S.K.: 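Pasting a structure below so you can have a look.
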Amino acid sequence: MDLFSPVTLGDLTLANRVVMAPLTRTRAGAAGVPNELLVEHYGQRASNGLIVAEGTYPNAESRSYPGQPGLATDEQAAGWRAVADAVHARGGKIVVQVMHGGRVSHTDITGTERIVGPSAVAIAGETHTPEGKEAFPVPHALTTEEIADVVADFVAASRRAVDAGLDGVEIHSANGYLLHQFLAPGSNHRDDVYGGSPENRARLTVEVAAAVAAEIGAGRVGIRLSPAHNIQDAFEQDPADVEATYHHLAEQLQPLGLAYVSVLHHDPAGELVQGIRKRFGGPFMVNTGFAAVTTFEEATGYLANGVADVVAVGRAVMANPDLVERWQGGHPLNELDPSTSYGNGPEGYVDYPFLAR
Ligand SMILES: Cc1cc2nc3c(=O)[nH]c(=O)nc-3n(C[C@H](O)[C@H](O)[C@H](O)COP(=O)(O)O)c2cc1C
């Protein structure tokens with residue numbers, strides 16, 4: 001399959017198969033409201049087949065980073081409307097990644113009284129807060145009743161997203177954030193219906209996906225998974241358990257008819273990931289993670305070999321607003337300056353040049 005051919009993911013019709021991966025860039029200020037910088041940044045990148053906008057928090061206590069945008073308030077939703085309008089005006093499509101950070105946070109970041117997680121187990125190490133570096137807190141273990149509120153907050157944020165004109169949402173169940181914390185035995189020590197067996201640990205992700213799909217329509221909902229990523233202490237170190245958990249999860253997602261499943265894994269062609277794909281049975285997106293930057297050769301290879309339907313591309317899109325045109329024409333690429341990844345101004349965010357005309 002050609003990287004530059006159109007494709008349909010649920011209700012989303014893409015002009016090409018290059019997907020801008022979700023990228024946290026912390027430019028949304030203390031209030032988490034998408035501003036002119038985000039409007040410009042995403043508008044510049046509208047020629048990608050789909051933009052998955054950065055991890056965005058559904059409620060105050062789920063915020064992981066200063067400068068991260070939210071979808072918890074009407075003011076934040078209005079900011080997203082301007083972003084959606086800018087992308088649509090240039091012919092693009094954009095969904096937003098709804099991300100509950102769980103224990104990857106600190107009350108100095110959220111301004112709330114507590115940080116939550118599946119179990120009262122802290123991440124080893126420190127996080128950057130507005131007050132400086134601080135140890136990750138021991139999270140409050142969500143009660144069974146409080147978990148229903150988490151599901152409701154994912155639903156409300158997703159509703160705000162589509163009401164603001166975004167084309168849909170991607171549920172973040174990867175990279176060590178809350179839903180992944182439930183999936184992973186290293187962070188989930190519960191003994192209720194949300195802990196213990198692979199089926200129980202997968203339950204919350206399935207419930208969130210089903211509830212969001214029921215609210216906004218499954219064809220506008222994607223989900224991201226990162227099996228055995230072992231990041232932010234969400235340890236999944238038993239391969240048999242990983243396979244049981246994620247293959248069960250994929251089977252549970254199958255009847256929902258979601259727009260796509262996106263998997264971040266170093267071996268997308270291997271049995272674990274292709275087993276997820278087979279069981280899910282719908283449109284499939286891959287990305288190999290942080291170790292090496294996604295290249296044109298890699299992306300075209302996955303499509304040519306039938307490993308995936310679309311490819312999520314992160315750092316190359318950060319540095320090249322017109323990546324699709326550059327890849328298609330064999331043009332040279334701008335080099336990424338990683339020091340501006342998480343800055344708070346325009347540098348390294350809206351000033352990477354387009355090809356000269
Ligand atoms: C600065 C930065 C921020 C990221 N933020 C997110 C995020 O908000 N959500 C997410 O699922 N992945 C996030 N990722 C992971 C990317 O989506 C992607 O998987 C990763 O960059 C590897 O792809 P690449 O080699 O094409 O860059 C981030 C990566 C980087 C470099």
Side-chain angles (χ1 to χ4, degrees), residues 3 17-28 32 34 38 41-42 45 48-58 62-71 94-102 104-105 128 157 169-181 183 205 222-232 234 260-268 273 285-302 308 310-320 323-324 326-327 333-344 347-349 352:
L3 190 59
R17 292 158 191 263
V18 180
V19 175
M20 178 179 175
L23 295 158
T24 292
R25 306 297 305 277
T26 64
R27 282 357 190 241
L38 277 83
H41 174 77
Y42 286 116
R45 286 160 179 77
N48 294 289
L50 177 67
I51 294 170
V52 182
E54 65 208 87
T56 296
Y57 58 90
S62 66
R63 185 182 206 170
S64 285
Y65 303 107
Q68 188 189 7
L71 265 168
I94 178 168
V95 301
V96 63
Q97 187 182 51
V98 182
M99 166 180 153
H100 191 309
V104 183
S105 192
H128 294 271
V169 303
E170 177 176 288
I171 296 164
H172 200 349
S173 187
N175 299 356
Y177 298 106
L178 184 73
L179 299 183
H180 195 189
Q181 290 159 27
L183 287 164
T205 294
I223 187 164
R224 194 173 213 200
L225 310 172
S226 62
H229 197 187
N230 293 321
I231 192 172
Q232 311 202 102
Y260 66 87
V261 163
S262 169
V263 174
L264 185 158
H265 190 270
H266 61 87
D267 182 16
V273 177
M285 187 185 304
V286 295
N287 177 274
T288 49
F290 299 83
V293 171
T294 305
T295 61
F296 174 67
E297 290 69 28
E298 187 189 345
T300 47
Y302 290 138
V310 285
V311 179
V313 185
R315 286 161 289 185
V317 176
M318 284 169 69
N320 296 275
L323 183 72
V324 170
R326 288 173 190 255
W327 272 1
L333 301 185
N334 297 324
E335 207 175 308
L336 181 73
D337 173 7
S339 73
T340 55
S341 293
Y342 305 105
N344 50 24
E347 294 81 11
Y349 193 57
Y352 282 106

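Each ligand, and each atom within it, is numbered from 1 in the order the structure gives. Just so you know, these numbers come straight off a predicted model, no measurement behind them. Each residue takes its place number in the sequence, starting with 1.
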S.K.: Dump the pairs for me: ligand 1 N or O, protein N or O, distance under 3.5 Å, to 0.1 Å.
M.R.:
from     : atom 1 : to     : atom 2 : distance (Å)
ligand 1 : 5 (N)  : Thr24  : N      : 2.8
ligand 1 : 8 (O)  : Thr24  : N      : 3.4
ligand 1 : 8 (O)  : Thr24  : OG1    : 2.6
ligand 1 : 8 (O)  : Gly55  : N      : 3.3
ligand 1 : 9 (N)  : Gln97  : OE1    : 2.7
ligand 1 : 11 (O) : Gln97  : NE2    : 3.0
ligand 1 : 11 (O) : His172 : NE2    : 3.2
ligand 1 : 11 (O) : Asn175 : ND2    : 3.4
ligand 1 : 11 (O) : Arg224 : NH1    : 2.8
ligand 1 : 12 (N) : Pro22  : O      : 3.4
ligand 1 : 12 (N) : Asn175 : ND2    : 3.3
ligand 1 : 12 (N) : Arg224 : NH1    : 3.0
ligand 1 : 14 (N) : Pro22  : O      : 3.4
ligand 1 : 17 (O) : Pro22  : O      : 2.8
ligand 1 : 17 (O) : Arg224 : NH1    : 2.9
ligand 1 : 19 (O) : Arg224 : NH2    : 3.0
ligand 1 : 19 (O) : Asn287 : OD1    : 2.8
ligand 1 : 23 (O) : Asn287 : OD1    : 3.3
ligand 1 : 23 (O) : Asn287 : ND2    : 2.9
ligand 1 : 25 (O) : Ala292 : O      : 3.1
ligand 1 : 25 (O) : Thr294 : N      : 3.0
ligand 1 : 25 (O) : Thr294 : OG1    : 3.3
ligand 1 : 25 (O) : Arg315 : NH2    : 2.8
ligand 1 : 26 (O) : Thr294 : OG1    : 2.6
ligand 1 : 26 (O) : Gly314 : N      : 2.8
ligand 1 : 27 (O) : Arg315 : N      : 2.8
ligand 1 : 27 (O) : Arg315 : NE     : 2.7

S.K.: Honestly, is Arg63 close enough over Tyr57, meaning NZ or CZ under 6.0 Å from the six-membered ring centre and within 45° of the axis?
M.R.: no
S.K.: Could you list the residues that satisfy salt bridge (charged side-chain N to carboxylate O under 4.0 Å, His left out) with Arg326, not counting sequence neighbours?
M.R.: Asp322
S.K.: Is it the case that more than 12 heavy atoms not belonging to Asn344 sit under 6.0 Å from its CG atom?
M.R.: no
S.K.: So Ser62 and Met99, do their side chains get closer than 4.5 Å, heavy atoms only?
M.R.: no
S.K.: Could you pull out all residues at least two apart from His265 that satisfy side-chain hydrogen bond (donor to acceptor under 3.5 Å, both in side chains)?
M.R.: none
S.K.: Taking side-chain hydrogen bond (donor to acceptor under 3.5 Å, both in side chains) as the test, write out the residues that go with Thr56, two or more places apart.
M.R.: none
